[in-house]
Structure formats: C-alpha cells, structure tokens
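For reference, the structure discussed in these notes is given below.
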Amino acid sequence: MDRYAVFGNPVGHSKSPLIHSWFAKQTAQALSYEAILAPVDAFADCWFSFVAAGGRGGNVTVPFKEQAYQLAELLSERALQAGAVNTLYIDKAGVLCGDNTDGLGLVADLTRLGARLQNASILILGAGGACRGVIGPLLAAGVTHIHIANRTAAKAEAIAGLFNHRVTASGYDRVPVEKWSLVINATSSGLDQQRPPLAEQHLKHCTLAYDMLYGKEPTAFLSWCKQQGVPQCADGLGMLVSQAAESFAIWRDVKPDVAPVLQQLTAMVKA
Ligand code: ATR
C-alpha cells in the first residue's frame with residue numbers, strides 16, 4: 001500500500017491522518033497516512049528513511065516547512081513564492097518535488113464562504129510563514145490590494161518587497177484607511193488568547209473576518225470582530241481541509257470532496 005505521512009514536531013495534535021484517511025475512503029484510494037514526529041535537527045534523515053521504507057509523499061508542518069523547501073530538488077512556483085514547502089513527493093522520474101498548498105487552501109475556503117476576491121482589498125495581520133504562504137494565491141485569485149500589518153513592521157515590509165505594488169505593508173499604527181472587505185488573521189496571537197492590535201475603524205467595511213487558526217472556541221480575534229459587528233467570521237478549519245485536499249490531488253491525481261470531510265471534522269473539533 002502507498003505510504004504518506006505528515007512530518008512535524010510536535011505532531012500528535014495533527015488532524016492530517018484523519019483527514020487523509022477520510023479522503024482515501026471517499027475516493028477509494030488504497031493508501032496509508034501516518035503522523036511522524038521528526039527530531040528538530042533531523043528532518044531530512046527522517047524523510048529519507050521514510051522514502052527508503054516505501055514513502056511516496058508527505059505533508060510538512062511546523063517547524064519543518066523551510067527545511068523541506070531546502071530539501072526539495074524541484075520547487076513549484078507556489079513554493080518559491082511562499083519560501084516554504086508543505087507538500088513533498090517523488091515524481092515519476094524519481095525527483096523530490098516540493099509544493100505549497102496553503103494558499104490554495106485559503107483561497108478555496110474563502111470561496112466556499114462566499115467571499116468575493118476579484119478586485120478586493122484585503123488586510124492581512126501578521127508577517128510570519130503563514131502570511132507569506134498565501135499572498136501569491138490571493139493575488140492570482142484577482143485581489144487588487146493586500147496590505148500586511150505586523151507588530152514588527154520590517155518583517156511585513158520584507159514580505160511585501162517580494163511581490164509587486166499590489167502588496168503594501170506597515171505596523172498596526174499605519175494601516176491605510178481603505179475599504180477592507182476581508183481581514184485575515186495570520187498571526188499566532190490566538191494561541192495565547194490574544195488578538196492583534198488592529199484599530200476597530202479598519203473593520204468598518206469588513207464583510208468576512210478570517211482566522212487561520214482554529215479551535216473548539218472562536219479565537220480572541222474572531223470574538224472581537226463579531227463584537228464589532230462583522231457579519232461573517234470563520235476560523236481556519238476549512239483552510240486545513242482544503243490544503244489537504246490540494247496535497248491529496250497532487251499525489252493521487254484525484255480531488256476529494258472537501259464538504260463532507262469538513263462537516264465531519266467540524267463536528268469533532270467543536271464538540
Ligand atoms: P510562522 O512563521 O510560523 O507564521 P512566526 O514567524 O513566529 O510564525 O510569526 C508569527 C506572527 O504572529 C508574527 O507576525 C508575529 O508578530 P511579530 O513578527 O511582530 O513577532 C505575530 N504575533 C504573534 N503574537 C502576536 C500578538 N499577540 N499580537 C500581534 N501579533 C502577534
């Protein structure tokens with residue numbers, strides 16, 4: 001049976017084995033998918049042992065996405081833009097390929113939620129890997145202007161500098177006054193039950209607030225957005241399932257249906 005796995009540290013919390021086993025069942029693909037705890041200093045060894053034991057492909061999560069980027073022999077355009085790899089596989093010629101499906105997953109989830117991306121102005125909060133990974137696919141979906149706000153303005157400016165004039169950046173105190181229809185939290189602030197220090201005036205035209213994190217309860221950012229009257233608030237569970245579906249399609253040439261898997265996972269996570 002073809003073997004796949006997610007590599008992370010920690011990795012015990014990962015929902016990927018469950019999601020991919022549901023995808024496999026749904027598409028009648030015979031495969032196994034496990035979680036592999038890689039030592040922080042031995043990701044490459046761990047990957048190569050997996051391949052030697054019949055591994056065909058993998059997902060890569062914190063803290064190995066940049067190491068996977070270095071390891072891959074052939075990078076997709078998306079992975080190059082993201083500077084990180086979340087999907088590894090060996091192609092027919094035996095070449096180790098690296099791709100990044102995080103941004104596609106976000107775009108797919110925003111589309112599922114009914115967000116209009118064409119000609120939109122989007123505010124992204126945070127300038128870590130989570131932010132960088134999604135800019136290219138958002139631009140490709142027709143977004144006109146993306147502004148990145150970050151506590152450390154220089155990090156946001158460095159990411160904006162990788163793209164064209166449609167991407168701008170600042171600290172939270174210098175966010176331009178514009179009709180931001182979509183505000184995306186790509187910071188890790190939710191892990192500490194905190195929210196980014198965004199002034200409420202920037203939510204005035206926001207029709208959808210999105211947090212890339214997810215959990216049983218709404219994140220501090222989403223609770224605040226709801227309080228401020230944002231009509232629709234969503235967490236990153238849909239992005240998680242959608243990026244997994246994109247990886248599965250790269251490996252297996254068949255695109256699973258996200259909706260039933262997201263429904264099952266939501267029931268589990270929010271229970
Ligand atoms: P990753 O690359 O995995 O996304 P990271 O580089 O640690 O992780 O980035 C985390 C992001 O969350 C950063 O943009 C960080 O802001 P700084 O660059 O200024 O540190 C942001 N972040 C974390 N906690 C935050 C908080 N409480 N409020 C606002 N931003 C926060």
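Just so it is clear, the values below take in all heavy atoms, side chains as well, and ignore hydrogens, waters and symmetry mates. Order of listing sets the numbers, starting from 1, for every ligand and every atom in it.
Each of Asp211, Thr219, Asp235 was evaluated against Asn185; a single residue qualifies, Asp211, per the side-chain hydrogen bond (donor to acceptor under 3.5 Å, both in side chains) test.
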What pairs of donor and acceptor atoms, side-chain ones from residues 145-152 against any protein atom, are under 3.5 angstrom apart with sequence neighbours left out?
from, atom 1, to, atom 2, distance (Å)
His145, ND1, Glu178, OE1, 3.0
His145, ND1, Glu178, OE2, 2.9
His145, NE2, Thr168, OG1, 2.7
His147, ND1, Thr168, OG1, 2.7
His147, NE2, Ser170, OG, 2.7
Asn150, OD1, Ala127, N, 3.4
Asn150, ND2, Thr152, O, 3.1

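Trp251 and Tyr33 have tilted rings, their planes meeting at an angle from 30° to 60° on a 0 to 90° scale.
In terms of the salt bridge (charged side-chain N to carboxylate O under 4.0 Å, His left out) criterion, residue partners of Asp109 (sequence neighbours excluded) are, by chain and number, Arg112. Residues passing the ring-ring contact (aromatic ring centres under 6.0 Å, His included) test with Phe221, sequence neighbours excluded: none.
Taking a cutoff of 4.0 Å between a charged side-chain nitrogen and a carboxylate oxygen, Lys255 and Glu246 qualify as a salt bridge.
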Check each N or O atom of ligand 1 against all protein N or O atoms and list the pairs under 3.5 Å, with atom names and distances to 0.1 Å, one per line.
from, atom 1, to, atom 2, distance (Å)
ligand 1, 2 (O), Gly129, N, 2.6
ligand 1, 4 (O), Gly129, N, 3.1
ligand 1, 4 (O), Ala130, N, 3.3
ligand 1, 12 (O), Ser188, N, 3.2
ligand 1, 14 (O), Ala127, N, 2.8
ligand 1, 14 (O), Asn150, OD1, 2.7
ligand 1, 16 (O), Asn150, OD1, 3.2
ligand 1, 18 (O), Asn150, ND2, 2.9
ligand 1, 18 (O), Lys155, NZ, 2.8
ligand 1, 19 (O), Arg151, NE, 3.3
ligand 1, 19 (O), Thr152, N, 3.1
ligand 1, 19 (O), Thr152, OG1, 2.6
ligand 1, 20 (O), Arg151, NH2, 2.9
ligand 1, 27 (N), Gln194, OE1, 3.0

